[in-house]
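Residue numbers start from 1 in every chain, and the chains themselves are labelled A, B, ... in the order their sequence lines are given, proteins ahead of strands.
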Amino acid sequence: MANIEAAREPCAMANSLEFDLSKDSLRDLNLFLHRDAHRSGVTEVVVNHPDGAHSIACGMNSPTNIQIHGHVGYYVAGMNKHASVTVHGNAGPGAAENMMSGRVHIRGFASTAAGASAHGGLLVIDGDASLRCGISLKGGDIVVGGSVGSFSAFMAQAGRIVICGDAEDALGDSLYEAVIYVRGEVRSLGADARFEPMTDADRKVVAQLLALAGMSFDPAEFKRVASAKSLYHWHADADQEY
Amino acid sequence: MCGIVGLLLKKPNLRDQLGAFMVPMLVGMTERGPDSAGLAVYTEPVREPLHKLSLYCGTQVVDWSSLVTDVTQAIPSAYQIEVNGNHAILTCAADPDAIVGWLATHRPGIAVLSIGQSIDLYKDVGAPALIAERYHFKTLRGSHLVGHTRMATESAVTPAHAHPFTAGRDFCLVHNGSLSNPHLVRRKLEPLGIRFETDNDTEAACRFFEWRLREGDDLKTAVQRGFSELDGFFTFLMGTDQEMLIVRDAFACKPAVVAETDAYVAIASEFRSLAHLPDIAHATLFEPKPEEIYSWRI
């Protein structure tokens, strides 16, 4: 049972606080995380029985360690800044959407648009990610232990996506400067995405991101996908056939 | 936006609890669909030549026993009626099409929501929790059911526009999403003598699949054919007397989660409608992949 009052006056032992969403309201949890978590001295917040609730730990702005035990709904850790959020379960659509910094770790699978538009931070998904993973990525890093669905990294502008499994259709369609590293099969590349040779620098990046994610694949097994940049400028002669 | 729920019980000894398991699933989808709700429940089937018709009278006051007297005179048969608020289930050996025709002429205010040997159908406008209570959904028994909570985006909020939609016998469909070519589908089906009751996009999909079933396709083949005929966003959940089937469009725009254990297959738009189910912690959970057809038989 969460005891918010006690948390506001922390004693030496009280640096971990539990919320049980079968009894405590989501609003109380997020209010505590937004307003009180940082100044309360609580360094770890444990969330039990999330039962698919939306927007858990959304809009964090402090370096709190949040451990969620169970499956979550839409937008977990959306807009995350500084916090480290671990979901010991699956995540609904839009996990870590628009993350600015910090770390979000989904131990199960993630639904559509995981890490969409993330500007910074690291999103780790141990299982599969559904369609549109990393869509419009703007500088964050994503490591997926499993496979990703179609249209992943669509229009991704900056950042890196490491995919340890396979990718379905249209990977990296209309990519800008983001780079994708994929270990398994790619069913199809999107428009303007192409395979490029792996350099030592690429292998170093993959090794570093895998280490941060706690995954132990060989960086030599990954292929690099990046933008051919043929969509960067308008070509009247192309007649819209790319 | 809408919410869909489906539940198929693998163990016959659980069938008395079908409604009790389902009500929190339906109510859990209230935020996705607060304006209407409905469900089709597949019960122990009646035997040939019996059929069941689910009837709906809306806000009218109907004397159901005089309706039975009148229809018995017009189409002689033994009729049984079970009234549940403004819904009633009429069971008889007479030709269901003849009864539909008779109702259209003599009781035009009464809608026939479903026809079959196993299906009972309830739908109405209002909050899912109120509808569940109004028709005592908690007490429903059966092998499987398909339910829906609606947030209308493309046609009116009326009982007729609520889901599930039905066509033919023992077939129903619920839909989360929106079709972009329902009028095209309709223009294809109407010349074949297929009649529509509403201007709702989902009805076009329902009648398309049912037409394919009548033409000899099995449900999977009909759905496969639908990929090239139906354009738009959809997560469709369908029921027949033997089967429950789910399919999502190529872009998987509308969510769905499946939970499967030895005892049941439960489907909902979101996990929060499944969290209360027994043994959910040990269920196999997955999201249906785009354009992959998943079905389970009773």
Could you tell me whether a side-chain N or O of [X] sits under 3.5 Å from a main-chain N or O of [Y], the two making a donor and an acceptor?
| X | Y | result |
| --- | --- | --- |
| Lys10(B) | Thr261(B) | yes |
| Thr235(B) | Lys254(B) | yes |
| Ser150(A) | Glu168(A) | no |

Once you measure the plane-to-plane angle for Phe236(B) and His175(B), does it fall in the parallel (<30°), tilted (30-60°) or perpendicular (>60°) bin?
tilted
Does any backbone or side-chain atom of Ala281(B) lie under 4.5 Å from a heavy atom of chain A? Answer side chain, backbone, both or neither.
neither
Part of Leu285(B) lying under 4.5 Å from any heavy atom of chain A
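For Leu285(B), heavy atoms of backbone and side chain both lie under 4.5 Å from chain A.
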Honestly, the part of His54(A) sitting under 4.5 Å from a heavy atom of chain B is side chain
Could you tell me which portion of Asn90(A) (side chain, backbone, both or neither) has an atom closer than 4.5 angstrom to a non-hydrogen atom of chain B?
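Side chain only.
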